[in-house]
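Both ligands and their constituent atoms are indexed starting at 1 by order of listing. Residue numbers run from 1 in the order of the sequence given.
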Amino acid sequence: MTNRIAYQMAEELRKASKVALFSHVSPDGDCIGSMLGLGLALEALGKEVYMYNSDPIPRNLSFLPGVEKIQTELPAPFPEILLFVDCTDLQRVKLENEVFPADSLILNLDHHISNQNFGHINWIDSQASATGEIVYALIRLLDVNLTQDIATNLYTAILTDTGSFKYSNTTSKTHQIAGELMDSGINFADIHHHVFDRTPQAKLELLRRGLNQLQILAQGQFAMMTLHKFDFEEIGAEESLGEGLIDHARTLEGVEVAALMKEVNSSVIRVSLRSNRWFDVNKIASHFGGGGHKRAAGCTLDMPLEEAQKLLVQKVEEELALGRSC
Ligand code: AMP
Ligand code: MN
Ligand code: MN
């Protein structure tokens with residue numbers, strides 16, 4: 001999609017001398033890869049770039065070129081342009097109460113169907129498999145040379161949000177872009193290895209516990225996995241190691257909806273939701289104040305674990321009973 005908004009965003013970035021890039025909490029390959037890919041491209045254009053994420057970078061993304069540039073402190077002062085990648089709203093960056101300088105220009109680059117259009121310029125493409133696809137288009141528009149470092153980041157962004165090009169968000173355009181990125185000389189086999197094939201032992205331990213606590217509900221259509229705070233503590237696993245475990249629930253034969261309930265503390269439960277063929281998990285996540293896509297979404301419930309489980313099961317069962325939603 002190269003439309004008026006895209007040109008407008010590129011034009012603003014061309015004019016700017018300093019840009020701050022922001023990516024969401026509990027970071028994933030798309031938000032980090034998109035931020036780094038764009039950050040390196042803007043640096044190549046001679047911009048001063050600040051890249052922010054409040055949380056630790058997951059271990060399997062620590063190989064990404066430029067990752068050491070990501071800051072956990074907010075820029076002070078805020079530069080003229082504040083650009084958000086892969087964020088549905090400012091809450092996803094924990095900046096909903098931040099007062100930005102009156103002259104800041106907020107740019108919003110995202111592919112979530114539930115995006116809140118919180119920017120002055122909102123480039124939202126819910127057909128894009130990953131924000132990385134949109135960043136790719138922006139970089140092309142900015143006429144920046146696609147270096148191996150930039151391409152490695154964008155390839156990782158797309159690779160992770162499409163589950164290795166297998167989720168239904170994958171399009172022929174996704175493959176075309178991946179092809180262009182491969183042509184820049186990236187070592188894609190090495191990227192796959194770094195991202196997927198170095199499972200830390202702690203993650204396997206988490207999976208062991210998650211499987212022990214797996215509940216199969218709604219006549220086998222709904223699989224809910226739970227991880228307590230003490231599971232993470234006893235194993236010595238950081239929260240990001242829970243990423244991907246939900247697929248062990250989702251891929252069970254007969255399952256349409258899967259959930260992973262992660263107890264952050266006694267009154268904060270982070271919920272990941274996935275569906276396979278027809279159930280709209282964004283509808284469930286949005287109902288609880290979160291968001292995402294039809295096949296992958298999330299929300300945070302501020303209540304004890306058991307209460308959260310009860311509420312979620314009730315809502316999912318209610319929606320399953322209504323039948324096909326998308
Ligand atoms: P996750 O289960 O954390 O991998 O998230 C699945 C998808 O839902 C990703 O595209 C997230 O960006 C999105 N998502 C997760 N949590 C939230 C939330 N609280 N608000 C909006 N989108 C979310
Ligand atoms: Mn994301
Ligand atoms: Mn994404």
Side-chain angles (χ1 to χ4, degrees), residues 21-38 53-55 57-58 60-61 84-96 108-118 123-136 153-163 167-170 174 177 195 210 223-227 239-250 257-262 264 268-275 279-302 308 312:
L21 306 182
F22 300 84
S23 49
H24 63 73
V25 294
S26 304
D28 53 27
D30 186 27
C31 79
I32 297 298
S34 293
M35 179 169 76
L36 286 170
L38 183 55
N53 193 289
S54 61
D55 286 348
I57 306 300
N60 67 336
L61 300 175
F84 294 80
V85 292
D86 203 39
C87 297
T88 44
D89 50 60
L90 290 173
Q91 227 172 336
R92 285 290 279 159
V93 213
K94 292 195 186 139
L95 290 180
E96 67 274 23
N108 173 11
L109 204 66
D110 189 27
H111 69 132
H112 290 93
I113 202 164
S114 58
N115 190 281
Q116 299 296 309
N117 291 300
F118 58 88
W123 184 353
I124 314 302
D125 181 1
S126 62
Q127 300 301 309
S129 68
T131 298
E133 278 195 26
I134 312 173
V135 171
Y136 173 85
N153 279 300
L154 297 186
Y155 186 87
T156 302
I158 295 169
L159 176 71
T160 49
D161 257 25
T162 58
Y167 298 151
S168 58
N169 57 358
T170 309
T174 310
I177 294 173
V195 174
M224 183 170 70
M225 197 183 261
T226 299
L227 287 170
E239 199 201 320
S240 68
L241 287 184
E243 173 100 1
L245 296 186
I246 192 171
D247 275 344
H248 293 272
R250 179 185 66 80
V257 194
L260 172 64
M261 313 286 286
K262 271 191 291 183
V264 178
V268 176
I269 314 300
R270 205 142 26 227
V271 184
S272 286
L273 294 162
R274 299 289 185 274
S275 64
F279 191 93
D280 185 356
V281 284
N282 176 50
K283 191 172 170 192
I284 302 283
S286 299
H287 173 79
F288 291 115
H293 315 278
K294 284 177 179 167
R295 301 280 174 264
C299 56
T300 300
L301 297 180
D302 294 325
L312 185 78

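- Expressed to the nearest 10°, the angle at the Mn ion (ligand 3) joining NE2 in His111 with OD1 in Asp86 is 90°.
- Between the side chain of Ser286 and the main chain of Gly291, no donor-acceptor pair closer than 3.5 Å is present.
- In this structure, Ala259 and Leu312 approach most closely via the heavy-atom pair CB-CD2, 3.7 Å.
- Checked options Ile124, Val85, Ile134, Asp125; the residue passing with Asp110 is Ile124 (criterion: side chain to side chain contact (heavy atoms under 4.5 Å, CB included)).
- Close approach of ligand 1 to Gly292 (heavy-atom distance below 4.0 Å) involves ligand atoms 8 (O), 13 (C), 22 (N).
- With the Mn ion (ligand 2) as the vertex, NE2 of His24 and OD2 of Asp28 span 100° to the nearest 10°.
- Here the closest heavy-atom approach between residue Leu245 and residue Leu227 is recorded as CD1-CD1, 3.9 Å.
- Atom 11 (C) of ligand 1 has as its closest protein heavy atom Arg92 NH2, 3.5 Å.
- When the heavy atoms of Gly244, Cys299, Gly298 are ranked by distance to atom 15 (C) of ligand 1, first place goes to Gly298.
- Within the 2.8 Å limit, Asp110 places no N, O or S atom next to the Mn ion (ligand 3).
- Of the protein's heavy atoms, His112 NE2, 2.8 Å lies nearest to atom 10 (O) of ligand 1.
- For Asp30, the N/O/S atom at the shortest distance from the Mn ion (ligand 3) is named OD2.
- Between Thr300 and ligand 1, no pair of N/O atoms sits closer than 3.5 Å.
- Residue-level check: among N/O/S atoms of Asp161, OD2 sits closest to the Mn ion (ligand 3).
- Only the side chain of Arg274 comes within 4.0 Å of ligand 1, judged by heavy-atom distances.
- Taking 4.0 Å as the cut-off, Thr88 counts as a neighbour of ligand 1 on heavy-atom distance.
- Using a cutoff of 4.0 Å between basic side-chain nitrogens and carboxylate oxygens, Arg92 and Asp89 are not scored as salt-bridged.
- Contact annotation: for His293 versus ligand 1, heavy atoms closer than 4.0 Å belong to the side chain alone.
- Heavy-atom minimum distance, Leu301 versus Ala308: CD1-CB, 3.7 Å.
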Q. Given Asn53 and Ser23, is the side-chain hydrogen bond (donor to acceptor under 3.5 Å, both in side chains) satisfied, shown in steps?
A. CA-CA 6 Å; Asn53 193 289; Ser23 49; 2.9 Å; yes

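- Of the protein's non-hydrogen atoms, the one nearest atom 2 (O) of ligand 1 is Ser272 OG, 2.7 Å.
- Asp161 and His111 form a side-chain donor-acceptor contact under 3.5 Å, judged by distance and modelled atom types alone.
- Looking only at heavy atoms of the protein, atom 8 (O) of ligand 1 is closest to Ala297 CA, 3.2 Å.
- Ranking protein heavy atoms by distance to atom 7 (C) of ligand 1, first place goes to Ala296 O, 3.6 Å.
- Side chains of Gln91 and Gln116 form no contact here, defined as non-hydrogen atoms less than 4.5 Å apart.
- With hydrogens and angles ignored, the 3.5 Å screen pairs no side-chain donor or acceptor of Asn169 with any backbone N or O of Thr162.
- Among protein heavy atoms, the minimum distance from atom 23 (C) of ligand 1 is reached at Gly291 O, 3.3 Å.
- Each of the following atoms of ligand 1 lies closer than 4.0 Å to a heavy atom of Gly290: 18 (C), 19 (N), 20 (N), 21 (C).
- The heavy-atom pair separating His24 from Cys87 by the smallest distance is N-SG, 3.7 Å.
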